[in-house]
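Keep in mind that the numbers below use all heavy atoms, side chains included, and drop hydrogens, waters and symmetry copies. The sequence lines fix the lettering, A, B, ..., with proteins before strands; numbering per chain opens at 1.
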Amino acid sequence: MIRPVAQFSEDFDADAGPPPERARAPGRFPYLDGLNPEQRAAVEALDGPVLVLAGAGVGKTRVLTTRIAHLIASGRARAHEILAVTFTNKAAREMRERVSVFTGSHQGMPWLGTFHSIGVKILRMHAELVGLRSNFTILDTDDQLRLMKQVLQAENLDDKRWPARALASLIDGWKNRGLDPAHVSPSESAAFAGGRGAALYAAYQARLKTLNAVDFGDLLLEALRLFRENPDVLELFQRRFRYILVDEYQDTNAVQYLWLRLLAQGRGNVCCVGDDDQSIYGWRGADVDNILRFETDFPGARVIRLERNYRSGGHILGLASGLIAHNRGRLGKTLFTDAPMGEKPTVTGVWDSQEEARVVGEAIEQAQRDGTSLDDIAILVRASFQMREFEERFITMGLPYKVIGGPRFYERAEIRDALAYMRCVAQPDDDLAFERIYNTPKRGLGEATLAILHEFGRRAGVSLMRAAQMLIETEELKARPRQLLRELLKSFDRWHQRSGEIAHEELAQVVLEESGYVDMWKAERTPDAAGRLDNLKELVRSMGEFPDLGAFLEHVSLVMDVESADAGERVSIMTLHAAKGLEFDLVFLPGWEEGLFPHQRSLDDNGRSGLEEERRLAYVGITRARRAAKILHAANRRVRGLWQTSVPSRFIEELPPDHVEIEETASASGFGGYGVSRFDAAGFGSRYETPGSRRAEQWTRREEAGAYGRGGLRPAEPRGLPRPAPSAGFAAGARVFHLKFGPGSVVASDGPKLTIDFDRAGRKLVMESFVTAEP
DNA sequence: ACCCTCGCATTTTTT
DNA sequence: ATGCGAGGGT
């Protein structure tokens, strides 16, 4: 339960009057001057729980940063006593920059960051309390998946029928909801491998612990567990954080909420900023209810609405408001503006996606002639496959564009390989990194050898690298792989030594060259090889921005992306999700068709709440526009290679007519030269008036039949730490049995290494853990 | 051990 | 259409 923190400072109550009359020492807080009354209230309501409902374009970031400045300037807290959490690194960076304008850059904000980065920081301080060492590694999705596969294989599950991906997303969901394996209900556990879901989750967690690793979900879940199980540590942080600020509160999931609530129970000074109408991440665990419940969760909470919009023209605002009004379960906010009505948003029907791209391209050229910068124009799509049509069109037109949110830098194969090398140098026990590069570039080491390393490592409870080190001393491996492995280990030894001598970026250069990795790409004559080499150069360069290898690797695992400063004006193409928080003069919203937007999958999986989230996405899209918004829908679209006819989105019918202009291009309205008759015959001639009942279910739904409820529950086989090899301590003369070499007699022993005369295979040097006493 | 071919799936995405 | 992964063939 939350301790009620109802009393506000008298300071605040005294402020209830109209702001201009307030006679604070004039000029003492100059940053308050430019704020409107609501913004100012949000900045000055420092004590107790506060919910700031900040609609689109109301100056939310300004309020947050000014609030931080005010906390510091008014002497309530010092910078290191303020916890400020965001969701993205970008938001954190932006906030940091803007705060430093007020505070001077010398006073950093050590506790301003993403949920994950703050989680890591706290976990590193108290790692041992959750069964980790403080230098734990953070696995990305790739490592996570490979580990999951290993777990599935160890359990002898058909990875066709029970794909690692599915398990990963299941576990992710559980972690998002704050559930550890013991708390997964049997009915949910039944969703995977006939009830073994929770057991697999437990096995996966055990593997993570032995690797001294966490995945992204753990950064939050373990941070929560830390606080739950260690009240003294919790209290430490409750006292440290005199004030807590949370950005994008509508995007918090259950773990984040629970974690925040624990911290907020201390001082009760928690300020959450968000907009229930912009909650678009339900599919990855965000729970809008968190923001809807705020006043119940934090009794005595003050709610401040920021409704004065500084971004868009009146018609755009009216359009967005009219649309979002169709959602139930809102906290309710009405954006208004003093700006003129401006341009009416348009809805344009086109024949197909090609025409859509063409129409948009032409409109952009027109806007450009009228003086709009390409940087101020964006195309916001529902699904990324829609981007291609625009890209192709823009390339033929010679229109510069950029795709926001494409494959990220640190996710590229060459970057991940290079990072794996560096991880192996920095942390020789990082098995996942070792596996990744152990035969990259191809050095003749295959699955068979890796399996032996795994087997030995598991039995002896050591990492792959250590297992390899031990095994090359023996004859367990065939001569060739043994030699190859020896060379690889020698290289790592050498690099490890040099890591103390030369700068880390220099070391990276050396490693990439000596390992043959650079040569591998040089030898590859594919078109993108050159780009990959460039990326590697960029990687080495960017390492120089960090004090040491460890700091760099930490940054990479948390940030996953690199800032790209590209010159020249460009149109932006991105998904609606990626557009949140951005704004443009001119926004194109293509693909407003049933099945695509709202997306069929969203409807199928989540029904009404799915639909409402889609509608919020539409709301986000429209409110990105400052001057003009242009909605388009195509009658025909190619999906997965085949053409489908489509019906305009129900969202189009929901738009308030006063704020929208309906247009049809010649070809779509049936007057042009394209397949008129077919189009009209299909009944799309007046499709704006088409009743919702006409919406065809043309998007085939995928059935996941048989995935649930199959089989009974099975008790989980406990999978703990790797069992240490039974140390039988074979003395000379003992009779032993080796799986590969058969029976033999021990001649001599040197620690775990045994010299054995095998009855059939002759004298061999093998690891003790590979032999058993002769039956 | 490596390469090639076949089959399958394909919303949204941060950390 | 396309790309990725797995399995089989060389």
Atom [atom1] of [X] and atom [atom2] of [N]: how far apart are they, to the nearest Å?
| X | N | atom1 | atom2 | value |
| --- | --- | --- | --- | --- |
| A/L582 | B/dT13 | CG | P | 13 Å |
| A/F87 | B/dT14 | CZ | P | 13 Å |
| A/R388 | B/dT10 | CZ | C1' | 12 Å |
| A/M387 | B/dT11 | CE | C1' | 12 Å |
| A/R93 | B/dT14 | CZ | C1' | 13 Å |
| A/R638 | C/dT2 | CZ | C1' | 12 Å |
| A/R165 | C/dG5 | CZ | P | 10 Å |
| A/R382 | B/dT11 | CZ | C1' | 5 Å |

Practice item. Using a heavy-atom cut-off of under 4.0 Å over every strand shown, decide if A/D605 touches base, sugar-phosphate, or nothing. Key: base
Exercise for review: Tell me what A/N89 touches on the nucleic acid: a base, only sugar-phosphate, or nothing, going by heavy atoms under 4.0 Å.
Suggested key: sugar-phosphate
Point to revise | Ring-on-base stacking B/dT14 with A/Y281 (under 5.5 Å, under 30°) | key: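 No.
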**Study point:** Aromatic stack A/H599/B/dT11: centroid gap under 5.5 Å, interplanar angle under 30°
**Key:** yes
Check your understanding: Considering residues at least two apart in sequence or located in another chain, which fulfil the side chain to side chain donor-acceptor pair (under 3.5 Å) criterion with A/T114?
Key -> A/S117
Practice item. Check side chain to side chain donor-acceptor pair (under 3.5 Å) between A/T88 and all other residues, then give those that pass, not counting sequence neighbours. Key: none
**Study point:** Ring centre gap for A/F597 and A/H633 strictly below 6.0 Å
**Key:** no
Point to revise | Pair A/W283 and A/Y281, ring centroids less than 6.0 Å apart | key: yes
Practice item. Taking only the side-chain heavy atoms of A/S384 (C-beta and beyond), determine which of B/dT12, B/dT15, B/dT13 contains the nearest atom. Key: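 So the side chain of A/S384 is nearest to B/dT12.
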Point to revise | Listed nucleotide nearest any side-chain atom of A/R284, set B/dT15, C/dA6, B/dT14 | key: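 Minimum distance to the A/R284 side chain belongs to B/dT14.
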Review point. Taking everything shown except A/R480 itself, do over 12 heavy atoms lie less than 6.0 Å from its CZ?
Key: no
Check your understanding: Among side-chain atoms of A/E391 and A/Y401, is any donor-acceptor pair under 3.5 angstrom?
Key -> yes
Check your understanding: Can you tell me if A/D251 and A/Q278 form a side-chain donor-acceptor pair at under 3.5 Å?
Key -> no
Review point. Below 4.0 angstrom from OP1 or OP2 of B/dT13, is there any side-chain N or O of A/T575?
Key: yes
List every contact pair, protein side and nucleotides 1-4 of chain B side both N or O, where the distance is under 3.5 Å.
{"residue": "B/dA1", "atom": "OP1", "partner": "A/G446", "partner atom": "N", "Å": "2.8"}

Check your understanding: Want to settle it: does A/I280 or A/L558 sit nearer the 5' end of DNA chain B, counting the closest nucleotide to each?
Key ->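 Closest to the 5' end, via its nearest nucleotide, is A/I280.
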